[in-house]
Structures are given as C-alpha cells and as structure tokens.
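Below is one structure, written out as structure tokens; the observations come after it.
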Amino acid sequence: MLPDFTYERPGSLDEALEHGAPAGAVLHAGGTDLLGCLRDGVFSAEKVVSLSGLEELRGIRSTGNGGLRIGALTTLTEIASDASIGESYGALAQAAASAASPQLRNQGTIGGNICQRPRCWYYRGDFHCLRKGGSTCYAIAGENHYHCIFGGSGCYIVHPSDTAPALQALGASVRIASRSGSRTVAMEEFFVLPADDIRHENILEPGELVTEVVVPAVAAGTRSVYRKVRDRGAWDFALAGLAAVVRMDGDRVEEASLVLSGVAPRPWRAVDAERSLAGGECLVHPCVGKSPS
Ligand SMILES: Cc1cc2nc3c(=O)[nH]c(=O)nc-3n(C[C@H](O)[C@H](O)[C@H](O)COP(=O)(O)OP(=O)(O)OC[C@H]3O[C@@H](n4cnc5c(N)ncnc54)[C@H](O)[C@@H]3O)c2cc1C
Ligand code: SF4
C-alpha cells in the first residue's frame with residue numbers, strides 16, 4: 001500500500017521547482033519506477049510533485065544545428081517511434097524500444113529512465129543497506145549474480161537504464177534546472193560511482209530536476225546500435241548491453257564509442273575496446289545499424 005503524502009501538480013517549471021525544493025519532496029514523471037519504490041518503502045516522501053502538467057518538458061525539437069532536444073517528459077514510446085531519432089540515433093531508438101513492456105514505455109519518460117533507482121533486490125527489499133544509509137552491503141555475501149562486475153566499491157548495483165548508455169555513447173548532455181538557474185552536464189559526467197557517492201546514482205542536487213537531454217548532430221558516416229541480453233526474451237532489464245556508435249570511412253573505423261549497460265553502477269565506457277576498434281577495418285560493420293533481433 002502507498003504511504004500517506006501530499007500531492008502537487010504544478011502547471012509551470014518555476015512552480016515545480018518551488019514545490020520540489022523542500023526536503024521530503026519527490027518528483028513524479030511517469031511513476032513506473034517511483035510508485036513501486038514508495039509502495040515498497042524503499043524511500044519515503046512527504047510530498048509527491050507530479051511533472052505531468054509541464055507541457056514545456058514534452059516533445060522532441062531540433063537544436064537548430066543538427067542535434068535534437070528531447071524533453072524530460074517525452075515517453076520511451078515516443079522516442080522509439082520518432083523518425084528522426086530512428087534515422088540518426090539508432091542506438092537511442094533501439095534502447096528505448098528494448099526497455100520494459102509496451103505499457104511501461106507508453107507511461108515511462110526519458111527523464112525518469114535516466115533517474116530511476118537501482119534494482120538490487122536488497123535495496124528494493126526490507127534491508128537497511130549502505131545505499132539506504134545502513135552499514136552493510138547485503139549483496140556481498142548474498143544473492144549477487146545480477147550485480148556489477150566493474151566499478152563497485154562498498155555497493156555493487158548495476159545502473160538499470162537502457163537509454164543512458166546509448167545517450168552517453170552518442171555524446172548527449174543533460175539540462176538541469178533549479179530555483180537558482182540551470183546548468184548543462186555531459187551525460188558522461190551525470191552518473192556517479194559508489195566510491196564518490198554511495199547514496200545517489202547521479203549528480204542531481206536536492207531541488208534540481210532534469211528538463212531535457214540534448215543529442216548533438218551526428219558526423220557523416222556514423223552508425224549506432226544498442227544490443228541487450230536479458231534473462232527473459234522481453235520485458236526485462238539488461239544482464240548486459242552495449243551501445244555502440246561508430247564513425248566509418250568506408251570499411252575503416254575512424255572513431256568508436258562503446259558504452260556497456262548492466263555491468264556497473266553507471267553506464268560503463270569500454271575505453272580499451274574503443275581504442276582497439278579505431279583505425280582498424282570493421283569486420284562487424286554490416287551488423288551496425290540493423291535492428292536488434
Ligand atoms: C516491470 C518493469 C520493467 C522495467 N524494465 C526496464 C528496462 O528493461 N529498462 C529500463 O531502462 N527501465 C526499465 N524499467 C524502469 C522504468 O519503467 C523506466 O525506467 C521508465 O522510463 C521510468 O520513467 P518514469 O517516467 O516512469 O519515472 P518515474 O517513476 O516517474 O521516476 C523515476 C525516478 O526518477 C525521478 N525523476 C523522474 N523524472 C525526473 C526528472 N525530470 N528530473 C529528476 N528526477 C526525475 C523520480 O523522482 C524517481 O526517483 C522497468 C520498470 C518496471 C516496473
Ligand atoms: S549492492 Fe548496494 S543497493 Fe545492493 S545491498 Fe549492497 S549497498 Fe545495498
């Protein structure tokens with residue numbers, strides 16, 4: 001059962017920032033992750049601030065210089081089915097299409113997708129672990145075969161988002177607003193490791209919210225793809241995934257950006273693999289850009 005809280009549905013960004021600033025307030029976008037957390041007592045809220053009245057945070061627009069601005073409230077379905085995203089940012093379209101189920105993609109937003117909380121079952125369950133402010137990581141001696149293989153330190157979550165690795169590989173940035181103004185952060189700088197902050201997955205400060213993600217124009221010869229392995233054929237988080245963005249000159253790889261999902265507490269760049277691809281002939285070139293099977 002959901003606990004008691006007050007509910008606000010502001011009609012403007014300024015109003016939302018006003019309501020979202022006090023301690024104890026949480027933001028509600030599509031609610032597909034948040035409501036489960038509140039219902040299961042993962043964290044509590046005195047006030048839930050719905051973003052659903054903020055029309056300015058919806059939709060996909062041109063940046064004017066070849067890139068796209070994707071409002072934080074744009075749904076995963078809208079992203080997966082947008083023609084311009086499918087054409088230029090295949091990895092993002094495929095990542096959005098691979099998340100959750102059709103119903104959840106209709107409701108779930110891109111802002112909520114990158115800000116969703118970890119799925120570690122101790123964190124989601126009745127365990128006061130380190131990430132909740134306790135003194136133990138129950139996964140170390142417990143059920144940990146879905147936990148991270150890179151980047152763990154004290155806490156061993158994997159970041160659950162499918163779209164975040166694709167956005168990072170595409171060189172996207174995040175626009176963040178607060179009552180004191182706005183700032184833009186590269187997606188690569190948005191997420192944090194447990195060694196830097198064991199209680200949070202990203203750099204958002206209290207009172208800040210994501211207003212949009214911005215994907216830059218893609219250079220000629222660029223193709224991208226997102227592949228995801230999961231326990232079940234569908235409706236499941238990534239056991240491991242890869243967002244690959246490759247700039248080709250004929251059969252030669254000029255540049256590669258490879259970001260893994262499901263293996264680390266944040267989207268994880270495979271730097272050595274990027275280096276070994278760059279400058280070489282791409283033997284997998286024909287598969288890049290095709291739809292995932
Ligand atoms: C059964 C199931 C399967 C799922 N499978 C997948 C999957 O395969 N891949 C995947 O990536 N996700 C999956 N999800 C997670 C989730 O549904 C999606 O990530 C969805 O996109 C979350 O968006 P939302 O708008 O519903 O977020 P919400 O639930 O509204 O919010 C999630 C969190 O982000 C915060 N938040 C939301 N919007 C903002 C904002 N603009 N600025 C700052 N903070 C914000 C909220 O406060 C909350 O803490 C799954 C969920 C379920 C229940
Ligand atoms: S992995 Fe992190 S979230 Fe999971 S039990 Fe350990 S400290 Fe908690």
Side-chain angles (χ1 to χ4, degrees), residues 13 16-17 20 25-39 42-43 45 48-52 54 57 71-77 79 95-101 103-125 127-144 146-148 152-166 174-178 190 194 198-202 204-213 226 228 230-232 234-239 241 261-262 265:
L13 180 58
L17 292 170
V26 295
L27 301 172
H28 173 280
T32 60
D33 178 50
L34 177 74
L35 295 180
C37 289
L38 293 177
R39 185 197 55 212
V42 176
F43 51 80
V48 171
V49 181
S50 170
L51 303 179
S52 61
L54 305 186
L57 300 196
L73 289 182
T74 309
T75 65
L76 299 181
T77 297
I79 290 169
S98 77
S101 64
Q103 292 89 340
L104 289 163
R105 291 195 292 274
N106 287 342
Q107 181 73 14
T109 65
I110 188 77
N113 192 268
I114 63 173
C115 296
Q116 62 178 299
R117 304 310 310 269
R119 305 305 297 192
C120 168
W121 37 49
Y122 297 106
Y123 178 75
R124 295 272 164 164
F127 294 86
H128 193 58
C129 71
L130 273 170
R131 189 161 286 271
K132 286 176 172 166
S135 55
T136 304
C137 171
Y138 294 91
I140 292 175
E143 285 288 342
N144 56 25
Y146 291 127
H147 287 70
C148 71
S153 171
C155 167
Y156 298 88
I157 57 159
V158 296
H159 200 281
S161 170
D162 283 307
T163 63
V174 188
R175 290 278 294 165
I176 296 167
S178 71
F190 182 68
I198 207 160
R199 301 294 304 276
H200 302 102
E201 296 78 57
N202 57 53
L204 286 180
E205 300 285 346
E208 287 190 322
L209 66 82
V210 173
T211 53
E212 62 184 11
V213 294
Y226 182 72
K228 171 179 174 182
R230 44 197 152 188
D231 257 350
R232 293 179 293 182
W235 301 17
D236 212 352
F237 292 90
L239 287 176
S261 56

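Order of appearance sets the numbers: ligands from 1, and atoms from 1 within every ligand. Position 1 is the first residue of the sequence; numbering continues from there.
- Between Glu208 and ligand 1, not a single N/O pair is under 3.5 Å apart.
- The OG1 atom of Thr74 sits 12.0 Å away from the CG atom of Asn113 when rounded to the nearest 0.5 Å.
- Note on ring orientation: taking the six-membered ring where Trp is involved, the planes of His147 and Tyr122 are tilted (angle from 30° to 60°).
- Nearest protein neighbour of atom 1 (S) of ligand 2, counting heavy atoms only, is Tyr156 N, 3.1 Å.
- Remark: minimum distance from atom 6 (Fe) of ligand 2 to any protein heavy atom is reached at Cys137 SG, 2.3 Å.
- Using a non-hydrogen distance threshold of 4.0 Å, Ser161 registers as a contact of ligand 1.
- Side-chain contact between Leu209 and Val49 is absent, with no heavy-atom pair separated by less than 4.5 Å.
- Closest heavy-atom approach to atom 52 (C) of ligand 1 within the set Ile110, Thr109, Val213, Leu104: this belongs to Leu104.
- Considering backbone and side-chain N/O of Asn113, one or more are found under 3.5 Å from N/O of ligand 1.
- In this structure, CG in Leu130 is found 10.0 Å from OG in Ser153, a value given to the nearest 0.5 Å.
- The shortest N/O to N/O separation between Gln107 and ligand 1 does not fall below 3.5 Å.
- Some N or O of Asp162 is nearer than 3.5 Å to an N or O of ligand 1, by distance alone.
- Set against the non-hydrogen atoms of Lys228, the atoms of ligand 1 under 4.0 Å away are 7 (C), 8 (O).
- The single protein non-hydrogen atom nearest to atom 2 (Fe) of ligand 2 is Cys155 SG, 2.4 Å, given as residue, atom name and distance.
- Ligand 1 lies within reach of Asp236, whose nearest heavy atom is under 4.0 Å from it.
- Looking at Arg230, its side chain does come within 3.5 Å of a backbone N or O of Ser98 through a donor-acceptor pair.
- Short contacts between ligand 1 and Ala29, defined as distances under 4.0 Å to a heavy atom of the residue, involve ligand atoms 25 (O), 30 (O), 37 (C), 38 (N).
- Two residues are said to be in side-chain contact when any heavy atoms from C-beta on lie closer than 4.5 Å; Phe43 and Arg117 meet this criterion.
- When atom types are taken as modelled, the side chain of Thr136 and the backbone of Tyr138 share no donor-acceptor pair closer than 3.5 angstrom.
- Those atoms of ligand 1 with a heavy atom of Gly108 less than 4.0 angstrom away are 20 (C), 21 (O), 23 (O), 24 (P), 25 (O), 26 (O).
- Residue Ile157 approaches ligand 2 through these ligand atoms, each under 4.0 Å from one of its heavy atoms: 1 (S), 2 (Fe), 3 (S).
- Judged purely by atom type and a 3.5 angstrom limit, Glu212 has no side-chain atom pairing as donor or acceptor with the backbone of Arg175.
- Interatomic distance, CD1 of Ile157 versus CG of Asn144, reported as 14.0 Å (0.5 Å rounding).
- For a threshold of 3.5 Å applied to N or O pairs, the pair formed by Leu35 and ligand 1 contains no separation below that value.
- The shortest N/O to N/O separation between Arg117 and ligand 1 does not fall below 3.5 Å.
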Would you sort out whether Thr77 and Thr75 count as a side-chain hydrogen bond (donor to acceptor under 3.5 Å, both in side chains), showing the intermediate values?
CA-CA 5 Å; Thr77 297; Thr75 65; 4.7 Å; no
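- Close N/O approach between Ala72 and ligand 1 is not found [any backbone or side-chain N/O within under 3.5 Å].
- In this structure, CD1 on Ile176 lies 9.0 Å from CD on Glu205, to the nearest 0.5 angstrom.
- For the pair Arg105 (side chain) and Ala97 (backbone), a donor-acceptor distance under 3.5 Å is present.
- For ligand 1, the atoms lying closer than 4.0 Å to a non-hydrogen atom of Leu209 are 42 (N), 43 (C).
- Using a 3.5 Å distance cut-off with no hydrogens or angles, the side chains of Asp162 and Tyr226 do pair a donor with an acceptor.
- Polar contact with ligand 1: present for Gly31 (N/O pair, distance under 3.5 Å).
- Contact annotation: the side chain of Tyr123 approaches that of Val42 to within less than 4.5 Å [non-hydrogen atoms, C-beta and beyond].
- For ligand 2, the atoms sitting less than 4.0 Å from at least one non-hydrogen atom of Tyr123 are 3 (S), numbered in the order shown with element in parentheses.
- Under a 3.5 Å cut-off, the side chain of Lys228 and the backbone N or O of Asp236 do form a donor-acceptor pair.
- For the pair Phe237 and Val158, the minimum side-chain heavy-atom distance is 4.5 Å or more.
- At a heavy-atom cutoff of 4.0 Å, ligand 2 is contacted by no atom of Lys132, backbone or side chain.
- Heavy-atom contacts of Leu204 reach the following atoms of ligand 1: 43 (C) (cutoff under 4.0 Å).
- Considering only non-hydrogen atoms, atom 24 (P) of ligand 1 lies nearest to Gly30 out of Gly36, Ala164, Gly30, Ala96.
- The protein non-hydrogen atom at the shortest distance from atom 8 (Fe) of ligand 2 is Cys129 SG, 2.3 Å.
- For a threshold of 3.5 Å applied to N or O pairs, the pair formed by Leu76 and ligand 1 contains no separation below that value.
- Each of the following atoms of ligand 1 lies closer than 4.0 Å to a heavy atom of Thr32: 16 (C), 17 (O), 18 (C), 20 (C), 22 (C), 23 (O), 24 (P), 26 (O), 29 (O), 53 (C).
- One option in Pro165, Pro160, Cys115 has a heavy atom closer to atom 44 (N) of ligand 1 than any other, and that option is Cys115.
- Atoms OG and NE2, from Ser135 and His128 in turn, are 7.5 Å apart once rounded to the nearest 0.5 Å.
- Between Arg230 and ligand 1 there is no heavy-atom distance shorter than 4.0 Å.
- Listed by atom number, the atoms of ligand 2 under 4.0 Å from Tyr122 heavy atoms are 5 (S).
- Residues Arg131 and Pro194 meet the side-chain proximity criterion, which asks for heavy atoms closer than 4.5 Å.
- Here CG of Leu27 is found 11.0 Å from CD of Glu208. Values are rounded to the nearest 0.5 Å.
- Which parts of ligand 1 touch Val210 is read off a 4.0 Å heavy-atom cut-off, strictly below it: atoms 40 (C), 41 (N), 42 (N), 43 (C).
- The distance criterion of under 3.5 Å between nitrogen or oxygen atoms is not met by Leu51 with respect to ligand 1.
- Atom numbering of ligand 1 starts at 1 in the shown order; those under 4.0 Å from a heavy atom of Ala99 are 7 (C), 8 (O), 9 (N), 10 (C).
- In this structure, the protein non-hydrogen atom closest to atom 4 (Fe) of ligand 2 is Cys120 SG, 2.3 Å.
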